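A short worksheet on the structure shown next.
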Amino acid sequence: MEIADVRKRIHSTIEHAKQRAAERRSRGDEAARAYSTFLDTVAVPMFRQVANVLKSEGYAFSVFTPSGSVRLMSDRTAEDFVELTLDTTGDTPQVVGHTSRSRGRRVTESERAVGSPAALTEEDVLDFLAKELEAFVER
């Protein structure tokens, strides 16, 4: 094979990779803006409402808003929590729900995609929280 053909092929691969990286960064930036709006207008208020309902039912949970996420955490055990974060590592950025539950010394963690930050509604967040909180309130 001619060196000129090899060089063309490798140059094409490099250009394609740079173009894909630029597109991925652009999607990530757009998703970050949508996620920030989603946190402020949908997720944090819903997490606070759920925490208030849980407290009124005798379950001690508090809401924390560390940078770029929202977390509903048990006041009894720091390992018991449900949180939402933005995952930009894939081709399509997604809001990811992370749940951690402890039983004695054993801690069980799970993650699942919740949806696109631009498309999620209060109902979607409430559905996610209701499903994830079942394990905490069944005890």
Side-chain angles (χ1 to χ4, degrees):
M1 188 172 254
E2 293 291 321
I3 188 69
D5 293 336
V6 173
R7 183 171 293 177
K8 274 187 197 177
R9 183 83 178 265
I10 297 303
H11 180 68
S12 174
T13 300
I14 291 169
E15 290 302 314
H16 181 67
K18 286 180 180 181
Q19 183 181 7
R20 285 193 63 211
E23 290 170 358
R24 188 172 46 250
R25 281 192 298 274
S26 175
R27 284 191 305 269
D29 291 345
E30 184 179 315
R33 286 188 295 277
Y35 180 70
S36 178
T37 302
F38 164 74
L39 275 180
D40 294 340
T41 61
V42 177
V44 172
M46 181 56 66
F47 270 60
R48 288 196 172 125
Q49 287 179 3
V50 168
N52 288 336
V53 170
L54 288 169
K55 282 182 184 178
S56 71
E57 295 295 324
Y59 298 97
F61 279 82
S62 297
V63 175
F64 297 93
T65 55
S67 179
S69 68
V70 59
R71 178 180 285 198
L72 180 65
M73 188 166 68
S74 170
D75 291 346
R76 294 184 183 153
T77 308
E79 288 86 19
D80 289 347
F81 64 85
V82 178
E83 75 177 341
L84 292 177
T85 58
L86 180 64
D87 180 12
T88 58
T89 58
D91 283 339
T92 57
Q94 297 223 5
V95 175
V96 174
H98 180 216
T99 303
S100 174
R101 292 181 292 277
S102 65
R103 284 254 193 214
R105 290 183 165 198
R106 191 182 87 203
V107 176
T108 306
E109 296 188 32
S110 64
E111 280 189 355
R112 70 176 173 107
V114 180
S116 168
L120 288 173
T121 65
E122 289 177 334
E123 188 67 32
D124 297 327
V125 174
L126 184 57
D127 288 344
F128 166 75
L129 283 171
K131 181 170 176 40
E132 297 302 316
L133 286 171
E134 283 181 14
F136 296 112
V137 297
E138 72 181 1
R139 300 179 193 178

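Position 1 is the first residue of the sequence; numbering continues from there. Atoms considered below: every heavy atom in the structure, side chains included; atoms not considered: hydrogens, waters and symmetry mates. The model shown is predicted, which means the values in this text are computed figures rather than measured ones.
- Here the side chains of Glu15 and His11 are in contact, with some heavy-atom distance below 4.5 Å.
- Note on Phe61: it does not cluster hydrophobically with Val107, by side-chain heavy-atom contacts below 4.5 Å among ILVMFWY residues.
- Taking CD of Glu79 as the reference point, atom OG1 of Thr108 lies at 11.5 Å (rounded to 0.5 Å).
- Put simply, Val96 and Leu72 are part of two different groups of oily side chains (I, L, V, M, F, W, Y) that touch within less than 4.5 Å, one to the next.
- In this structure the side chain of Phe47 never reaches within 4.5 angstrom of the side chain of Thr65, judged on heavy atoms.
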With a 3.5 Å cut-off and sequence neighbours excluded, list the donor-acceptor pairs that the side chains of residues 30-38 form with protein atoms.
{"unit_1": "Tyr35", "atom_1": "OH", "unit_2": "Gly68", "atom_2": "O", "d": "3.1"}
{"unit_1": "Tyr35", "atom_1": "OH", "unit_2": "Leu84", "atom_2": "O", "d": "3.1"}
{"unit_1": "Thr37", "atom_1": "OG1", "unit_2": "Arg33", "atom_2": "O", "d": "3.3"}

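- In this structure, Pro93 and Thr88 approach most closely via the heavy-atom pair CB-CG2, 4.1 Å.
- Interatomic distance, Leu86 CG to Gln94 CD, rounded to the nearest 0.5 Å: 9.5 Å.
- Across Ser102 and Asp80, no two heavy atoms sit closer than the pair N-OD1, 2.7 Å.
- Atom-to-atom distance recorded for Lys18:NZ and Arg20:CZ is 15.5 Å, nearest 0.5 angstrom.
- Checked by atom type and distance alone, the side chain of Asn52 never pairs as donor or acceptor with a backbone atom of Gln49 at under 3.5 Å.
- At a threshold of 4.5 Å between side-chain heavy atoms, the hydrophobic network of Ile, Leu, Val, Met, Phe, Trp and Tyr places Phe81 and Leu39 in two separate groups.
- For the atom pair Leu120 CG and Met46 CE, the distance stands at 12.0 Å (nearest 0.5 Å).
- Annotation for Ser69 and Thr85: closest pair CB-CG2, 3.5 Å, computed over non-hydrogen atoms.
- Each of Glu132, Glu109, Glu111, Arg112 was checked for a side-chain hydrogen bond (donor to acceptor under 3.5 Å, both in side chains) with His98, and the lone residue meeting it is Glu109.
- Looking only at side-chain heavy atoms (C-beta outward), Phe136 and Leu54 stay at 4.5 Å or farther from each other.
- The shortest non-hydrogen separation linking Val137 to Tyr59 is O-OH, 3.2 Å.
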Could you list the donor-acceptor pairs under 3.5 angstrom formed between side-chain atoms of residues 2-9 and any protein atom two or more places apart in sequence or on another chain?
none

Between Asp29 and Ser26, is the side chain to side chain donor-acceptor pair (under 3.5 Å) condition met? List the steps. CA-CA 5 Å; Asp29 291 345; Ser26 175; over 6 Å; no

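- The salt bridge (Lys or Arg N to Asp or Glu O under 4.0 Å) analysis of residues 48-77, with sequence neighbours excluded, yields the pairs Arg71-Glu83.
- Nearest heavy atoms, Met73 versus Thr77: CG-O, 4.3 Å.
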